[in-house]
Every structure is written in structure tokens, then in C-alpha cells.
2 protein chains.
Amino acid sequence: MHQEITKRNLFCDNVARVMTKPEPRVGEKRPGGRAERVRLSVLQAASELLTEVGYDKMSVEDVAARAGVHKTTVYRRWPTKADLSADAADLHVAEAIPMPDTGDLVEDLKLLARDVAKNIGTEHGARRSRSIVVAAAASDDLTVAMHQFWARRLALSTAVVERAIERGELCESTNAKLLIEAIIGPLWIRLLLTGEPITEEVADEIVDLVISGAKLHEVHTH
Amino acid sequence: MHQEITKRNLFCDNVARVMTKPEPRVGEKRPGGRAERVRLSVLQAASELLTEVGYDKMSVEDVAARAGVHKTTVYRRWPTKADLSADAADLHVAEAIPMPDTGDLVEDLKLLARDVAKNIGTEHGARRSRSIVVAAAASDDLTVAMHQFWARRLALSTAVVERAIERGELCESTNAKLLIEAIIGPLWIRLLLTGEPITEEVADEIVDLVISGAKLHEVHTH
DNA sequence: GTGAAAAAGCAACAAAAGTTGCGACAAGTC
DNA sequence: GACTTGTCGCAACTTTTGTTGCTTTTTCAC
């Protein structure tokens, strides 16, 4: 097993096509050869199985087998399936995701929403994304990691809104975070609760709804 | 064990304080005594454990023990933990939830959103709700059941919007389902993804945002 | 009440998940 | 290259989870 295994980010490999691995993992005792190779092939295998069969139906032994590694090796590195899944999903990175900046708020938001839809709307993406949520529910540590991940994600997304505020497209009192949540929330509950289809059309629709507002507008002056 | 065990609905006991059990379960061979008593105490135990420790940390044996019943009894009735959880969560009822009808759209929606926030915003409610989602991810049957549950829930909720359309508060082309999704979506992703607080204030805020729209309004005429 | 049928209890079993100790070997150090 | 140490493979083990056959108890129809 000598081919380089490219690291995939479960959350972001559609959202952020760039996936620079910043430091080659600091705390490593032996970053040089087999150890790292094994680590990568296990994570790769876990990642694949998460998207293929989902968290519940994935077993640690399956992962080990696919990685061509003994199960004790896996258990020694990752205490639980949840931890392994978290690492495979790369919950800890995902910084520096390029955010749209077209100069037009609606356009930016639609690009953003469509990206989410693309990411969680496919069969594989759906299983992958669901797996993370399920894994996170299994471990308090992982829950925290996921919350942190989303805090970073939301902070990045709200930049789009804040630029629009600066341009005068939005009122200064706009709650940027809530706005983003109102856009991606419907997409995610379709994935996790209702099972309704998740398409780019829906993504666009939701942006239009949230930006323009549902209500028949009275005359506003500014 | 002779006290009557009151059936609880995991999804709805805050949302719908009324919880009429329509028929006393038809397909039963022996609805008379012990069998039903056992069934109820197992479901009660499962329901409690789901809210106390969550789906992952709940084991079928724990449920059996708390119900004062042998584990084989539980396994024979409910093939998997997911099925048991589904039954405990009562995914199949939840019809006839009273929906607000104050004559004012914003008021109605806020009542609705606050209800959701109350339901999933407490520590117990959160664990309970998360448990359902996680359980649903473990079984295709259950996934379908949950989707059906939500289809019914959304259909009930959209009635609120449709009444507002009839009153002329909203444009006729309003996508009622999407509007409801935009309101409850942010609350649920706070529960399942971001971990941000879920309060009645947020519920109100999101309704205001979605109804009025984020954009600085141009003059509209109707 | 009595008997047939249903359901629960019990114990023993089977399978899956997770752990431990040890020998072998590979990686980094001198 | 020899030494030290981290990591892997392997086998044996424990624990947890789920199953099966049989017995006992309970319900319900008569």
C-alpha cells in the first residue's frame, strides 16, 4: 500500500474544493511512514463506509478490514466509533472555506444555499451528513466539536451578510446569524426530519423568501 | 404494578397537551391484562431512558430492567432498539394537534415557534428529540415513519399560513410549507448542529425575520 | 372452573463489540 | 549498523447484545 491517500473532508469536499492540510499533524510521535499510512487508510475507509452505509451500520471491524488493518489497531487509536467518525469527518479543520462575494447579497446567499443543497442533497451526501449528526449525538466530546465546527462555519457565512450591511443592502440591525440559519435550516430539516427533496431550486426559493419576507409589504421609507 | 401508566408522546407532550389515544390498539390478541400492562411499562421505561440518557446510551436490557420485565419479552415485541424507540416516541399518532388561530398571522406563527422552542429547548426535550432523529437514522422503516409524521405535522402547520392567505395577510403565491420550514428550521439546527440556545425570544425573532424579510424594503403596491 | 392459546420467565446459547498481553517489526537516534 | 521505542498483528479473552427452546403463568372463551 504505497499510493498516497488523499484526505477527504466529509463536510466540505463539495463546499470547499480546496482542502489544504495545514500542519502534518503535530502531536504525532512518528509522522514518517507506516503509522501515518495506516492512519490515513483507516480514515479513508471510515469515510467511505460512513457515506456508503451510514454510521449505524458501519462497524469498526469493517473499517479495519477495508483499511487492511487489524481491528486492535483501530481501537487503540480511536477509543470509540464516534471518535473515529469525527476524525474521518474531519470536524476539527474546515477553516478557510471560500465564501461567495459577488457584490450582490441575494446572489451570494443563493450560491451559499445551493452549495449546502448540493452537499447534503445527494444520496451519498445525505448519508454522510446524517452520519456526522448521529455520531455527534453519541459523544459529548464530539457534540462539542461539532458545535465548534458550526460556530466557525456560521462565522464565515455571516461575513457575506455583513458585507451586504456595509454596502447598505441590509439594515444595520440585521441579525446575520439568524438570517443564515433561516436559509440553511430548512435544507437541513429536510435532510434530518421531513425527507422532502433538497434541490438547488428550493435553495433559491428559500433565499428569496427570507430576503423579501413573506408579508405583503407596506410602504417603507429609508 | 397496578397504577395506570399514562402514555406520553415524546414529540408532542409539550406541543399538544391533549393526547387522546384513539383506539386501544386494534391488532392486539389479548388487550386485557398483563400483556398490555407490560407493553405500557416497557414503553414508559424506554421513553424515560430516551430522555434521560439518550438513544445511544440506552440499552434494551436497561429498558427491560426498569420496566421490571425480562429482556426476551422486550426483544420479542420490538425487534430492534430503533423500533422500540419509535413506539416509545409514538411516531404514529400525533394527529389533531391544536394549532393556534388568533386571527393574526404573526401571532399564530410565534405561538407555533415558541411551542417548538419549548419542546426542544429544554435539556430533556433536547435529548428526547435528538433521540428520535438518531433512532430514525438507524432504520429505514423508522425513517419513513418519521417522514410521515412530519408530513402530517407540516400539513397541520401550514393551515395557519393558509388562513392568513385567505384573510389577505399574505400573497396567494406564498409557499406555505417553505415558510413554516424557514421558521422551525433554525430552531432545529440549533438543536442538531450548532448548539446555540433555543429560546422563545429566538422563536419570536425568527418569525419577525421571515415575515418581514431581511431586505430594506422598496415600495410595494397591491 | 376448565382448557386452549398467548405471552412472560428463565437459562443457555450465539454473535458482535471491545480489551489485553505479547511477540514481531518498522522508525527514528546515535 | 545497533539500540531504543512506538506501532502493528495476532490470539485469547471479557463484555455486551441479541436469540432460541422450553417451562410457567395469565387471559379469555366456554
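Numbers restart at 1 for each chain; the letters A, B, ... are given by sequence-line order, proteins then strands.
Residues B/Pro186 and A/Ala182 approach most closely at CG-CA, 3.6 Å, considering heavy atoms. A pairwise comparison of heavy atoms in A/Leu191 and A/Ala126 identifies CD1-CB, 3.4 Å as the closest pair.
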Which is it for A/Asp140 and A/Thr143 under the side-chain hydrogen bond (donor to acceptor under 3.5 Å, both in side chains) test, yes or no, and what are the steps along the way? CA-CA 5 Å; A/Asp140 291 346; A/Thr143 302; 4.8 Å; no

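Straight-line distance from the CG atom of B/Leu40 to the C1' atom of C/dA7: 15 Å, rounded to whole Å. Look at CD on B/Glu61: it is 11 Å from C1' on D/dT15, rounded to the nearest Å. Distance A/Arg39 CZ to D/dG6 P: 18 Å, rounded to the nearest Å. For the pair B/Leu84 CG and D/dT17 P, the computed distance is 14 Å after rounding to whole Å. Computed from coordinates, the B/Arg37 CZ to D/dT26 P distance equals 9 Å when rounded to whole Å. Separating the NE2 atom of B/His70 from the P atom of C/dA12 is a distance of 11 Å, rounded to the nearest angstrom. Taking atom CE of residue A/Met58 and atom P of nucleotide C/dA17, one finds them 11 Å apart after rounding to whole Å. Distance CG (B/Asp83) to C1' (D/dG18): 14 Å, rounded to an integer number of Å.
Across all strands, B/Lys71 comes closer than 4.0 Å to base atoms (heavy-atom distances).
A close approach under 4.0 Å does not occur between any side-chain nitrogen or oxygen of B/Thr72 and OP1 or OP2 of C/dG9. The shortest distance between the side-chain N/O atoms of B/Arg77 and the OP1/OP2 oxygens of C/dA8 is below 4.0 Å. A close approach under 4.0 Å does not occur between any side-chain nitrogen or oxygen of A/Tyr75 and OP1 or OP2 of C/dT19.
A donor N or O paired with an acceptor N or O is found under 3.5 Å between the base of C/dG9 and the side-chain atoms of B/Arg76.
Under the 4.0 Å criterion applied to side-chain N and carboxylate O atoms, A/Arg66 and A/Glu48 are assigned as salt-bridge partners.
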